[in-house]
There are 2 protein chains.
Amino acid sequence: MNVQGKPEKARNNGPGRRPPTMQDVADRAGVSIQTVSNLVNGREHLMAKATRERVAQAMAVLEYRPNMRARGLRAARTNEIGFLVVDDEAKFLADPTNGTAMAGAGEIIGQRGYGLLIQSAKLGDIDDGLFSPLLESRADGGILYLSGGREDREVYIRRIVELGRPFVLFGEERDDDLPAVIADNESGAHELATHLIEKGHRRIAFIAGRAAWPMIEQRHAGYRRALQEAGIEPAQELQLFRGRWDPIDGATMASSLLALRDPPTAIMAANDLLALGIFQAARGRGMQIPDDLAVTGFNDFDFAAFLEPSLTTVSLPVYEMGEAAATIVIDQIESVDGEAIRRFPVEVLIRDSA
Amino acid sequence: MNVQGKPEKARNNGPGRRPPTMQDVADRAGVSIQTVSNLVNGREHLMAKATRERVAQAMAVLEYRPNMRARGLRAARTNEIGFLVVDDEAKFLADPTNGTAMAGAGEIIGQRGYGLLIQSAKLGDIDDGLFSPLLESRADGGILYLSGGREDREVYIRRIVELGRPFVLFGEERDDDLPAVIADNESGAHELATHLIEKGHRRIAFIAGRAAWPMIEQRHAGYRRALQEAGIEPAQELQLFRGRWDPIDGATMASSLLALRDPPTAIMAANDLLALGIFQAARGRGMQIPDDLAVTGFNDFDFAAFLEPSLTTVSLPVYEMGEAAATIVIDQIESVDGEAIRRFPVEVLIRDSA
DNA sequence: CCCGGTTACTTGATCGCTATACTAACTCTC
DNA sequence: GAGAGTTAGTATAGCGATCAAGTAACCGGG
């Protein structure tokens, strides 16, 4: 079927009448355009009750909807919040954790009368594409989520600071008080590692994808701290950062760990997908989890509780974090007082795999 | 920390200089604003080479970025595509399948110079909130994805048709040639069921969440067709639609199926999450998959290949479908010829669970 | 050497809305 | 009953771009 074909085209282009403007409403109600504007913007106290009703009636009849482009141009705001995502391979949305964060942000953004504008870029593309919502006056503020890790992360952060517009960093805290929403990954990992140590494990491995960004580094740090506190020197060969966070990478890393002369008795994965791969590798070697090998994940994906054995992992309040991020940006935009850094606790879920 | 605090405020509000306008560029280059506009919009053949360079230079120095609000107002387009999502509980983005579709759409949208605007609504909220990107001139067109099922789906579809703006339906095909992107769920389910029948199964169950939308109904239809073709009358008690698509719902439905006097030897789940629950229920009863019970899923989530046993399921090209949806809408907006209905094949992945 | 055509621009109106300033009538107070 | 304050509006000027319609210079042909 051809979009250009007349029948389809006609249907999609509709009745062809242009949408009503404020002027149309004003004419119909017999008032000036400004009076309509006042009503639309909630300044109803500026007009008599009868006028208000007449205008409201006219708006209803004409099905008037304000043109946000025009409003934005004049009022220098768009009522749009940009969610700016950088990531190694544009897989961001395929991760339910990230999707949930975005859903939380979207909820608040919607409630407060804004729209959610998504802009993504691949890590390394340091043109200004990522910031176009801010640069091109399409959004009033932005939530910046840099997942994936490389040196150039700093470039992005410097850039958004320079832009001089309201923003909040998602998932990472800086030493310089930039608005941020973070979860206490460090103590989650610390608690997890401590749990393993209490179970008697001494050879505890930590695996993650090749690129580790701050959120992941914190998990790693929590792991190291727990071991050190227990007087265990975290062995270099037990800390692996390889691959792209696929389960298959988890399997590969687990295999090489288990092939060591002195293999670990527990493996902490920096996320649940990697843990899934560890399960597979362990099964392949006929090992029982948790008896032969303890495994922990991170993030508490849907499947975690349903694996056999169920996966011990850490749950992050991502939805709430998304909400908080949106709240911070909008508060800034509207000059409302509020916390600019929100730190969330995490929940360690001890299940059967460790 | 207080956002209103002077230092933070100052940082976030930046240097305070307003962004350069076309007029600024024009002044600096010693040309008229229209000449700048011509260059910005790729009509470089309208000016002398020297002028072009002077203007380009001025744009670079000032770091000029067009104000999309202003362009949108005058040119009656925003270069923004709305992704409108309706769903039972705003969980849409938490589903990696949906996230992947959106990522695919986002990729094309970005490539073609547009932005991606997400608007979601809960099924049943039939105000115009969902369509606000279109109604308020914030987007030039929309991708409409109605997941979750209820009678009022029709209302949404009628509404978007009425709006008379370019749109495409995601995941469902209508008898009336509306632009759409769909996957061949019916034949995927048919192939899956046929596979089970060939393996000797006769008592084959089908389970899904309470609300079944067209995509799910197609899976159900494929199941029924396969059974009928094999001369098996699909028993009513083997077709369950309960709960909210959580693994726990899958476990519950599987338990009640397995408690039947004549229990099924195979269960087809309408998605992988439900299948995960079936695995759990089967384990709870000491049953071996696939020997005591064959299980199939749908969607091929990340975890499917890594379960024990690995899950037989159907993979949909969701990323490509997202790309196709974006392509269709943008083609319509730009009056480019192209297919308005794109149908994608699915891939049945026979693994170990069935 | 004048005409039409091209090239290289400029000018002015306008998109739909909001901000600012203004008017006119009415009410209250001393 | 004059000045101040309140109420209920209107009038005008843009926001930053695009569109349609100019203009001015040059250029080749008869």
Steps toward side-chain contact (heavy atoms from CB on, under 4.5 Å) verdict (B:Arg159, B:Leu130):
CA-CA 10 Å; B:Arg159 189 81 182 99; B:Leu130 178 68; over 6 Å; no
Whole angstroms only, please: what is the CZ-C1' distance between A:Arg77 and D:dG16?
17 Å
Using a 3.5 Å cut-off and no angle test, enumerate the donor-acceptor pairs between side-chain atoms of residues 64-71 of chain A and protein atoms at least two apart in sequence or in another chain.
unit_1  : atom_1 : unit_2   : atom_2 : d
A:Arg65 : NH1    : B:Glu136 : OE2    : 3.0
A:Asn67 : OD1    : A:Arg69  : N      : 2.8
A:Asn67 : OD1    : A:Ala70  : N      : 3.1
A:Arg69 : NE     : B:Gly72  : O      : 3.1

Quick one: which of C:dG16, D:dA17, C:dT18 gets closest to the side chain of B:Tyr64?
D:dA17
Just do the side-chain contact (heavy atoms from CB on, under 4.5 Å) check on B:Gln111 and B:Ile108 with the steps written out, would you?
CA-CA 5 Å; B:Gln111 272 175 27; B:Ile108 294 294; 4.0 Å; yes
C:dT18 OP1/OP2 closer than 4.0 Å to side-chain N/O of A:Arg71
yes
Strand contacts (DNA chain C) in residues 26-36 of chain B, 4.0 angstrom heavy-atom criterion:
B:Val31, B:Ser32, B:Gln34, B:Thr35
Does A:Arg74 contact D:dG14 through a side-chain donor or acceptor facing the base, at a distance under 3.5 Å?
yes
Interatomic distance, A:Gln23 CD vs C:dT14 C1' [rounded to whole Å]
14 Å
Give the nucleotide from the list D:dA17, D:dC15, D:dC19 with an atom nearest to the side chain of B:Pro66.
D:dA17
A:Arg153 side-chain N/O to A:Gly148 backbone N/O, donor-acceptor pair under 3.5 Å
yes
Donor-acceptor under 3.5 Å (B:Gln119 side chain, A:Gly115 main chain):
no
Minimum side-chain heavy-atom gap A:Glu63-B:Leu135 below 4.5 Å
no
Partner set under side-chain hydrogen bond (donor to acceptor under 3.5 Å, both in side chains) for A:Gln57, not counting sequence neighbours
none
Can B:Arg138 and B:Ser132 be counted as having a side-chain donor-acceptor contact under 3.5 angstrom?
yes
To the nearest 10 degrees, how far apart in direction are the end axes of the helix from C:dC1-D:dG30 to C:dC30-D:dG1, each fit to five base pairs?
50°
Parallel, tilted or perpendicular: which one describes the rings of B:Phe92 and B:Tyr145, with boundaries at 30° and 60°?
perpendicular
Counting only N and O atoms by type, is there a donor-acceptor contact under 3.5 Å from the side chain of A:Asn98 to the main-chain atoms of A:Leu93?
no
Enumerate the residues from residues 37-54 of chain B whose closest heavy atom to DNA chain D is under 4.0 Å, giving them by residue number; use none for an empty result.
B:Ser37, B:Asn41
Polar atom pairs (N or O), protein with nucleotides 23-25 of chain C, under 3.5 Å:
none

Under 3.5 Å donor-acceptor, A:Asp140 side chain and A:Asn79 backbone:
yes
